[in-house]
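Encoded as structure tokens, here's the structure I'll be asking about.
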Amino acid sequence: MMQLYKFRLLILSVLLISFSSSTAQNRIVLNKELDSLIAVATNGANTQNYFQSLKLAERVKKMALKSNEIYYLAQAEDIIAGAYTDLYEYSKAEYYQLESIKHSEILKDSNLLALGYSNLAHAYMLANNFEKSNQSIKVAQAIDAENTYNTRLYIYETKVMSLYKQGMYDSLVKTAHAGLNELDFRMKKNLSDPNFKSNEWIDLMNVRLQITFELYVAYGLMELKEDLDLANELLNKHKDKKLEDILYNSVRVYENYYKINEYKANYFLSLPIRQLDSIKFYEEKEEKYYYETIDYLNKISKIKTDYLTQAIESENKAEQLQLIAENRIKEDEFNGRLIYLLSFMVLLALAFIGYYMRANAAIKKVNASLDEANLNLKNLFLNRDQFLAVVSNEIRTPLFALEQLIETVPINDYEIEDELVLANYSLLNLRHSIDNSLQFSKLNYFNNNENELINRPVNLKDLLEDLKMNFRSLLIANLVELEIAYNGDNTIFNLEKSKLVLVLNNLLKNAIEKDEVTRVELKVIESPIGQIESLLSFCVKDNAQLIQKSEIEYVEKGNYIINDKNITKGIKLGLILSNQLLSLYNSKLKFSGNEHYNLVSFDMKLAASNKAKLVSKIDNSRKRNILYVDNNQFNLSTFNKIIGSLDYSCDTVCSNSALEKVTEKSYDLILIDVDEREVDCFRGTRELRNYNNALPIIAITSLSKDLVLNKCKEYRIKDVLAKPVDIKELSRALVKYA
């Protein structure tokens, strides 16, 4: 894997350093402190430490504004723009690049302006805004008429990428040849110049540009189906080179590998006598690099997530260090004064006593400030986890709808079936990651004595059947068989379904995605304890080797600090989170096995639910009246049909008319929506409680249940159901409370 910022660092090194030398002599005085910060910021971008790079660049920007040093202001904004370009934040990159150009215009230096417009054109091209890219290229060419700093070669590179994206292959071949001619001219000119000194960066740029132009000549010829032998010769020239060390931006490296092998396969297909072995070889390599491109994009998404987490942690750490420094300064001041007063204790006893009392009061005030600051820091962490909990829960609702939508797509042929399997596979991975993030944030944010398990009756057999259906695409994609068996008399138990499902999802997903696994078994064994309790043993077995002892120790230690960057597929983190969830039921994971199989298991002591009693409650009684309260007309219509299908009489009403409806008719249960207008909802609940204190009420919310649970307890709401509402859970809640 090559360095993401290699080319941009080259531009900064070759162009800006030369610019700074000439400019410093004519117009500005170099600032060593700002030069040092710029170098560290550039290195941070080069090593993908975007948080450090952006923070340092912002610091340079503030210092440059304060001292009116436009040169460093333009450099800082250029670094910020480059960081956002490689994070695919093209709108932010455009803003800061334009700001850099604006301040470069004040300097009136054509070379720096040409570079700025070239970078802007490249960012527009990556964002597929070809019109703006072409406009920026024209401006750069007009400014850089003498082409002193190789801007023209950078523009040629941007042009060929743009033309290839737009499918303009005639122009692509001509432009790529022109780029090669310009590069050859520049290299010959440099060799003939006795004052020219080559270096590693310039040589690397020349090699990279030559490879880029030759590859795009080959791509264009293959698309035009012209001079295919020349195209094949150029592809052969570069197909075995290690492009990671030459080209920049990893995703484009894999795309070039993918294109080379695709066009090689097409070349052999175009021959009069087809060489099937060669065609198959290059098609397989083409597929390999296609998936590596997708994997890299997923890693970039993780980099963004890590960047957000790092930003929050760094900000909090900075505040803590600042508070500690202030406290130490005040303590040092106090100690110095105290020593001074002790030396003159005899003569200044009365003054010392008065001073000591004042100093003591100051210390108490400082300590009170520190206590308040520590409380604020804790709140910052809590707000972060609350944010993660809310966002993760909000994402799950549309994601669930998308999964259901894909299930309804008719399968007409094998190719569509493969696409649907891949889509379901991706959705399963995304939903699994979101569920893990949601539960992790809940464990941190709601980790106190008031946190209770929301246990309700769950049909274990239904849960296991749904589990197997959820993993259908994953099983197909990994060519794995899954067998689920339940050995028990009772089927319904009181537990929190979401936590058990997430634990089983973690164990099954880890087993299915292991290398060389072909079969996975999930067995659940019930051992009755007394009349109402049972011990349930959940065992997940696969035909792979036992998990390494070091990984088991890591999981049992429960350490969330990730020092090992090579952790993949969330095996350790998923198992750590599973242990955290199981601890709520006084249980933990157990590991066993040998070289032929691996077994992960856990036990749960659960109370069996009397399903027959619940069913008889509705079978032997009159038809119950339900009132559903919501301000969304679509929800009112939907829930009216759902509740009616469960053999209940259902009325619907907006929240501002709920009290009037209750005074007109007698209801056995009220369902009330808690969403963005939750304040109005609870005000309406208070009015209903004042009218009928005993009326059962259930809340339905798309927010995290934990966020509204305490508020619901305050208004004596019986239960909380989370959207998307599971029909079976809704049915059991109606049976229990109506």
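FYI, the numbering just counts along the sequence from 1.
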What is the distance from atom NZ of K509 to atom CG of L502, rounded to the nearest 0.5 Å?
11.5 Å
Residue pairs meeting ring pair (Phe, Tyr, Trp, His ring centres under 6.0 Å), one or both in residues 525-545, sequence neighbours left out, come to F538-F602
Please identify which of these residues, N505, N478, L522, meets the side-chain contact (heavy atoms from CB on, under 4.5 Å) condition with F471.
N505
Roughly how far, to the nearest 0.5 Å, is the CG atom of N631 from the OG atom of S657?
9.5 Å
On the six-membered ring of Y737, is K718 placed so that its NZ or CZ lies under 6.0 angstrom from the centre and within 45° of the ring axis?
no
If the threshold is 4.0 Å, N to carboxylate O, is there a salt bridge linking E729 and R732?
no
Polar contact flag, side-chain donor to acceptor under 3.5 angstrom, N506-S578:
yes
Decide, yes or no, whether a salt bridge links K590 with D603 under the criterion of side-chain N to carboxylate O below 4.0 Å.
yes
From D651 CG over to K665 NZ, what is the distance, rounded to the nearest 0.5 angstrom?
4.0 Å
If I take atom CG from residue N586 and atom NZ from residue K605, how far apart are they, to the nearest 0.5 angstrom?
8.5 Å
For the atom pair CD1 (I643) and CZ (R624), what is the distance rounded to the nearest 0.5 Å?
15.0 Å
Separation between CG of L671 and CD1 of I697, rounded to the nearest 0.5 Å
10.0 Å
Could you tell me which residues satisfy side chain to side chain donor-acceptor pair (under 3.5 Å) with E483, sequence neighbours excluded, listed by chain and number?
R519
